[in-house]
Amino acid sequence: MEAPKAIKKRKLTDKTIPSSITQNPEFAQDSKMYQDLLEMERKLDWNMMRKRVEVQDALSKTPTTTRMLRVFMSHTVSGQVWQTGADPAQPANLETGEGIPAWSFKIEGRLLEPSNQRSRDKTPPRKFSTLIKRMVIELDRDPTLYPDGNIVEWPRAPGHHNPVLDGFTVRRTGDSATRIRVVMYLEHFPEQYKVLPDLANVLGVKEDSRIGVIQALWNYIKLNNLQDKVDRRLVKSDERLFPIFGAESVYFQNLPEIVNRHLAAPDPIVLHYALNPTSPPPERPSAWDIEVKLEDTSMKTKMSVIVNPSKDTLESLTKLDEEISLLAQSLNNSHVKLTFLQSFADDPANFIQTWLESQSRDLETILGSGPTEGMTVRQEDLRRSEFFRLPWVEEAVAIQEGMRLASKGMQ
């Protein structure tokens, strides 16, 4: 046997009040205030819906931000003459490494926190290696004296065998001064490109994402009114764009292809460091600040919260709407009762007569009957003596007769 389905409770959603109340001079001021609040709520709901759609569109594009990457370079030395004070004529132990002068070069990096970021918006910092596509460290040394590799290359490769790192260390033997050149190819989001000089001189953009360059070109076209007024799909060339387009006009959908022909891989970041093992290393590492474009996770989280409000907020708003609807329904019921009683107090006989006629019409509608041979259900009821013996008739007659005698006595 199937269990009976639960009856879904109907929720009141009508928050309007009767027009008879709003037109009543006694409640005119309060009614006007309530109507203004309803109108304000409708406008606010519309604006919130429009902003929610805009935020959803922005979320699909993934917001970006520019962060500062601080790179630190330092070195340490070991086994140097100024450290051990050993006799240079004493041979070094090649098996244990004792007495062999050596040095270690270290490069580290970390993202600086934005100055206006709140503590609750902070996210776990990214590792240095996740911000680099590829890095090459070149050591300026004589390969005949130091043949153990003067070029160290680190290409990023995903996988458990290549974990993320905060820094890299290069160890070499030697006691001669070495100049180090670090070449870094950064990982930007979105991917950045170098704009070739022909297009860069027109747009004033040297490096940007592919979408950013296309948007800059479109802004240039709109600013100079180069879109054909008849066929809006065509873009005309001016004297600066003609060498780039190679024609008097091109179709709008061909702009991305034209832009791609004028993009190249961006120039790497090149840093130089001087290492001298014959003297103590600096107490503090050298530092460089480099701008890098990243996905703005904090902004994306904020916009997601705006689009998807919390469960508590939704429950609170729903509860308030239900309370307003209940109060509006209660006000409407009270107004109906007031109208009923006021009409009865003003003219009881006429009110009862009108009410009986209304009930008889409703009864005729229910029974499907109407005037028959000049006789209706109402008239037929009045012919019966039992009608006048109903309990309420005696009370109504007594009240009406009392009011008539009272009015006669006052005269």
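FYI, side chains are in, hydrogens and waters are out, and symmetry mates aren't considered; it's all heavy atoms of this structure.
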Q.
Apply side-chain contact (heavy atoms from CB on, under 4.5 Å) to residues L294 and L131 and explain how you reach the verdict.
A. CA-CA 9 Å; L294 302 173; L131 303 171; 3.8 Å; yes

Q: Show the numbers, then the answer: is there a salt bridge (Lys or Arg N to Asp or Glu O under 4.0 Å) between R134 and E153?
A: CA-CA 8 Å; R134 178 168 162 262; E153 185 175 356; 2.6 Å; yes

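When all heavy atoms of A216 and L203 are compared, the pair lying nearest together is O-CD2, 3.9 Å. For the residue pair Q80 and V77, the shortest heavy atom distance occurs at CG-CB, 3.9 Å.
Residues meeting the side chain to side chain contact (heavy atoms under 4.5 Å, CB included) test with A200, sequence neighbours left out: V195. Under the rule for a side-chain hydrogen bond (donor to acceptor under 3.5 Å, both in side chains), Y34 has no partner lying at least two apart in sequence or in another chain. T354 is linked by a side chain to side chain contact (heavy atoms under 4.5 Å, CB included) to N350, counting only residues two or more places apart in sequence or in another chain. In this structure T278 satisfies the side-chain hydrogen bond (donor to acceptor under 3.5 Å, both in side chains) test together with N276, sequence neighbours excluded. With sequence neighbours excluded, the residues that form a side chain to side chain contact (heavy atoms under 4.5 Å, CB included) with S129 are K127, W154, V164, L165, F168. Take D45 and apply the side-chain hydrogen bond (donor to acceptor under 3.5 Å, both in side chains) test, not counting sequence neighbours, and it matches no residue. For the side-chain hydrogen bond (donor to acceptor under 3.5 Å, both in side chains) test, residues two or more places apart in sequence or in another chain that qualify with N219 are Q215. The salt bridge (charged side-chain N to carboxylate O under 4.0 Å, His left out) check on R233 picks up D231, with sequence neighbours excluded. With sequence neighbours excluded, the residues that form a side chain to side chain contact (heavy atoms under 4.5 Å, CB included) with V152 are I137, V170, R172. In terms of the salt bridge (charged side-chain N to carboxylate O under 4.0 Å, His left out) criterion, residue partners of R261 (sequence neighbours excluded) are, by chain and number, E257.
Listed for the E207 side chain is no donor-acceptor partner under 3.5 Å among the backbone atoms of V205. No donor-acceptor pair under 3.5 Å is formed between the side chain of W103 and the backbone N or O of S176. Between the side chain of D142 and the backbone N or O of T144 there is at least one donor-acceptor pair closer than 3.5 Å.
Within a 6.0 Å sphere centred on CZ of R284, other residues, nucleotides and ligands contribute 12 heavy atoms or fewer. Heavy-atom contacts from other residues, nucleotides or ligands closer than 6.0 Å to CZ of R171 number 12 or fewer. No more than 12 heavy-atom neighbours from other residues, nucleotides or ligands sit within 6.0 angstrom of CD1 on I211. Within 6.0 Å of NZ in K236 there are more than 12 heavy atoms belonging to other residues, nucleotides or ligands.
A salt bridge between R42 and E39 is present, with a side-chain N of the basic residue lying under 4.0 Å from a carboxylate O of the acidic one. Residues R110 and E108 are not paired through a salt bridge, judged by the lack of any N-O separation under 4.0 Å between the basic side chain and the carboxylate. Ionic pairing of D267 and K206 is not present here: no N-O contact between side-chain nitrogen and carboxylate oxygen is shorter than 4.0 angstrom.
Using cut-offs of 30° and 60° for the angle between ring planes, the F105 and Y273 rings count as tilted.
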With a cut-off of 3.5 Å and sequence neighbours excluded, list every side-chain donor-acceptor pair involving residues 240-256.
| unit_1 | atom_1 | unit_2 | atom_2 | d |
| --- | --- | --- | --- | --- |
| R240 | NH2 | N201 | O | 2.7 |

Using a 3.5 Å cut-off and no angle test, enumerate the donor-acceptor pairs between side-chain atoms of residues 179-188 and protein atoms at least two apart in sequence or in another chain.
| unit_1 | atom_1 | unit_2 | atom_2 | d |
| --- | --- | --- | --- | --- |
| R181 | NH1 | E138 | OE1 | 3.0 |
| R181 | NH1 | E138 | OE2 | 3.3 |
| E187 | OE1 | R156 | NH2 | 3.4 |
| H188 | ND1 | K293 | N | 3.1 |

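At a cut-off of 3.5 Å, with distance as the only test, no side-chain donor of T178 or Y146 sits close to an acceptor on the other residue.
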